[in-house]
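Below, chain A is the first sequence line, B the second, and so on; all start at residue 1. The structure presented is a predicted model; accordingly, all values stated were derived computationally and were not measured.
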Amino acid sequence: MFEARLISATILKKILDAIKDLLNEGTFDCSDSGIQLQAMDNSHVSLVSLTLRSDGFDKFRCDRNISMGMNLGSMAKILKCANNDDTVTIKAQDNADTVTFMFESPNHEKVSDYEMKLMNLDQEHLGIPETDYSCVVRMPSMEFARICRDLAQFSESMLICCTKEGVKFSASGDVGSANVKLAQTSSVDKEEEAVSIEMQEPVTLTFACRYLNAFTKASPLSGQVQLSMSADVPLVVEYRIQDLGHIRYYLAPKIED
Amino acid sequence: MQPTIASYFQKS
């Protein structure tokens, strides 16, 4: 028996919004430590890794490890049926071929359940090595989303250059060129507004704007985003989900032809 | 050129 309950459906809606543009389907691996999903996007350029810890749920029970392959478009249709303040419970029997989403209104007067067929997906798990990154940038997630959106107008790819002075995002194309520089903030009223840089060595890498923009769909999950970079290895874009886990996106840098 | 992510991480 698997059962996981969240007080608010909003968080699950936001998680789905953060992955459904990149993935058509995904396998949710459930164990007593929580729920994990790892999947490459359709073109195999980026990787999504979602971790939701069992202690972050209002209620969590997982008697036996189960893997639930879900069509994310179908899941999105079901989650649309939940109000933001509904409690959501995800339930499945051991070896089941369906999963049930149950939504309860705050006053418990409306209860709805939606059963969805599970899929058998060919899952190809990738081992992600522990890496000490040369540069780790933390910045407001909305700021990163804005920069990605703005620079995508100029080019398909964006250069991210990180030094101890700051981080620079650049794009150039037929229209012209764009540069956005962010310095490390000295003092801020709110922690969420801070830009911080931990640098061992300066790094300059090029990434496809299309994927970066897809990652920023996770912005509603977290006020801050963390970018971890080293030469010649994939960028990690991480959004922490408060008290519940995180979503990480890995993107291979572009290489000069 | 855009390499795939699988070229960086090994299958486990």
**Item:** Nearest heavy-atom neighbours spanning B:Pro3 and A:Ala252
**Value:** O-CB, 3.5 Å
**Request:** Check the pair B:Ile5, A:Leu47 against side chain to side chain contact (heavy atoms under 4.5 Å, CB included), reporting the backbone distance first and the verdict last.
**Result:** CA-CA 7 Å; B:Ile5 195 78; A:Leu47 181 80; 4.1 Å; yes
Distance-only check: which donor-acceptor pairs of chain A and chain B lie under 3.5 Å?
from     : atom 1 : to      : atom 2 : distance (Å)
A:His44  : O      : B:Ile5  : N      : 2.8
A:Glu124 : OE2    : B:Lys11 : NZ     : 3.0
A:His125 : O      : B:Ser12 : N      : 2.8
A:His125 : O      : B:Ser12 : OG     : 3.4
A:Gly127 : N      : B:Gln10 : O      : 2.6
A:Ala252 : O      : B:Gln2  : NE2    : 3.0
A:Ile255 : N      : B:Met1  : O      : 2.8
A:Ile255 : O      : B:Met1  : N      : 2.5
A:Asp257 : OD1    : B:Met1  : N      : 3.0

**Message:** Around atom CG of A:Asp132, are there more than 12 heavy atoms from other residues, nucleotides or ligands closer than 6.0 Å?
**Reply:**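 Not buried by this count: 12 neighbours or fewer within 6.0 Å.
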